[in-house]
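In the text below, chain A, chain B and the rest are named by the order of the sequence lines, each starting its count at 1.
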2 protein chains.
Amino acid sequence: MTAARRIVDADGLEALTMRRLADALKLQLPAIYRVFTNKQTLLDELAEAILAEALPDGRGDHWTAEVALLAGQLRTALLAQRDGARIVGGSYAAKRNTLTYADRFVGIMRQAGLDGTAALWATSTVFCYVLGEALEQQGQSADALDRLDRNAARETYPQLFATPVEEIVNFDERFEFGLGLILDGLRQRLHSAGPAEPGAGRARPAPAPPRPGHRPS
Amino acid sequence: MTAARRIVDADGLEALTMRRLADALKLQLPAIYRVFTNKQTLLDELAEAILAEALPDGRGDHWTAEVALLAGQLRTALLAQRDGARIVGGSYAAKRNTLTYADRFVGIMRQAGLDGTAALWATSTVFCYVLGEALEQQGQSADALDRLDRNAARETYPQLFATPVEEIVNFDERFEFGLGLILDGLRQRLHSAGPAEPGAGRARPAPAPPRPGHRPS
DNA sequence: ACCTGAACACCGTTCAAGT
DNA sequence: ACCTGAACACCGTTCAAGT
């Protein structure tokens, strides 16, 4: 597994072939299939290994801090591995670590006061957003911004070039901004009863009754 | 191009090979390279073709309606093509249609009252979120939910199974929920001066001065 | 100028044959 | 029971040779 990650880190996901992995492990090619039955299961386990780093050790004192921590740690885990977002996004297995991550996230949102369905959807919203951001960041080639003809583009895309376009590539602040939007949206749903009281905190405990029509099988 | 899309729709992105495309076009294999210099340029043009459908014809009367329209149309375009999210997410070219989309989005956000950088980041937030959701939706195999052992999972992931988990797969409402969170966050930033007045609308026009330190070259 | 046959250097995967 | 050599059926890409 570490050998596989090293290959991807060095030469990208395309370079990860069963043959190169066998070479790195000083095995003959068919011996790999005794460890991984498939290339897909290899990729699935790679996704698992990446997501193992997505769970923060500590805990935030407030649900907003906890969500920021979980989202940030997931992002860090994806970015720590070259092509990490593509690996995780391309693995469609019910990954154990994804479920652990989701379980913790859902727990925080329910404790904050969201009902079950909203807690579930909030989890998927943050997960999808973080994945999308990491995918874009890792896909951006270094010279992508410089490659387009600024003078021509300035006339074709006037609105876009009325902004400081270099800020697209300010990934850290860009991520904080987007996450902040989602957090604000969540805050608003938790305070929906009374008028918005910015930074007041202290959410009601969740009743969160599971739906009556929930089939157990 | 339509031949390529037909192959992907029929048998998935993996089935799109230069050989099969040549067959479908009743050409010999090397003749394809007279049209597309690369397989990557073929994929880039595929991404372009998908994104061409992402721009809505009409316009919303309010900025919230316009954002919902743009996000929804992008999602529809991605979902309309099998593996559409993977194709668009895997293409790192400065796509013309992406820029057109971004230009319109940025324009709306600036008109709503956001400054240039915020308008840029808001665009990328929505784009990344929509892409992430579509990626997850298209990656979900039909039986993914049924495959995991519910009884064992109920004990390992208690928070998760305290919710109606089938709702993860309710993609349309899940998307509306997540987009709603982002929209609420944007609304809040536009009303940051006074106290929140839900649904009041009427944002201040944007001054949006381009940064002084902006290098033209 | 355009198209083609044939090949190159790779893939993932399998399997009979060895030890 | 484990490992290996060799092959199978594919890939993307190239190029000398034809018309």
Exercise for review: Quick one: closest heavy-atom pair of B:Glu167 and B:Asn170, and the distance?
Suggested key: OE1-ND2, 3.0 Å

Revision key, fill the gap. What one should report as the nearest heavy-atom pair of A:Leu69 and A:Gly58 is CD2-O, 3.8 Å

Practice item. Give the dot-bracket string for DNA chain C, reading 5' to 3', where a pair is Watson-Crick or G-U wobble with both distances under 3.5 Å, ( ) marks pairs inside the strand, [ ] marks pairs crossing earlier ones, | marks a partner on another strand, and . marks unpaired. Key: ||.|||||...|||||.||

Review point. Is it true that atom CZ of A:Arg82 has more than 12 heavy atoms of other residues, nucleotides or ligands lying nearer than 6.0 Å?
Key: yes

Practice item. Supply the atom-to-atom distance B:Leu70 CG to B:Met109 CE, rounded to the nearest 0.5 angstrom. Key: 10.5 Å

Check your understanding: Contact boundaries of DNA chain C with chain A (under 4.0 Å, heavy atoms), 5' to 3'?
Key -> C:dC11 to C:dC15

Exercise for review: List the steps and the verdict of salt bridge (charged side-chain N to carboxylate O under 4.0 Å, His left out) for A:Asp184 and A:Arg187.
Suggested key: CA-CA 5 Å; A:Asp184 283 348; A:Arg187 226 186 315 260; 2.8 Å; yes

Check your understanding: Under 3.5 Å, is there a donor-acceptor pair between the side chain of A:Trp121 and the main chain of B:Glu176?
Key -> no

Practice item. Could you tell me whether the side chain of B:Gln138 and the main chain of B:Leu78 form a donor-acceptor pair under 3.5 Å? Key: yes

Review point. Side chains of A:Leu21 and A:Leu42: closer than 4.5 Å at any heavy-atom pair?
Key: yes

**Study point:** Atom of B:Leu79, atom of B:Gln137 and distance for their closest heavy-atom approach
**Key:** CD1-OE1, 3.6 Å

Review point. What is the ring orientation for B:Tyr101 with B:Phe127, classed by angle as parallel under 30°, tilted 30 to 60°, or perpendicular over 60°?
Key: perpendicular

Check your understanding: Does any residue of residues 20-31 of chain B have a heavy atom under 4.0 Å from DNA chain D, and if so, which ones, in number order?
Key -> B:Arg20, B:Leu29, B:Pro30

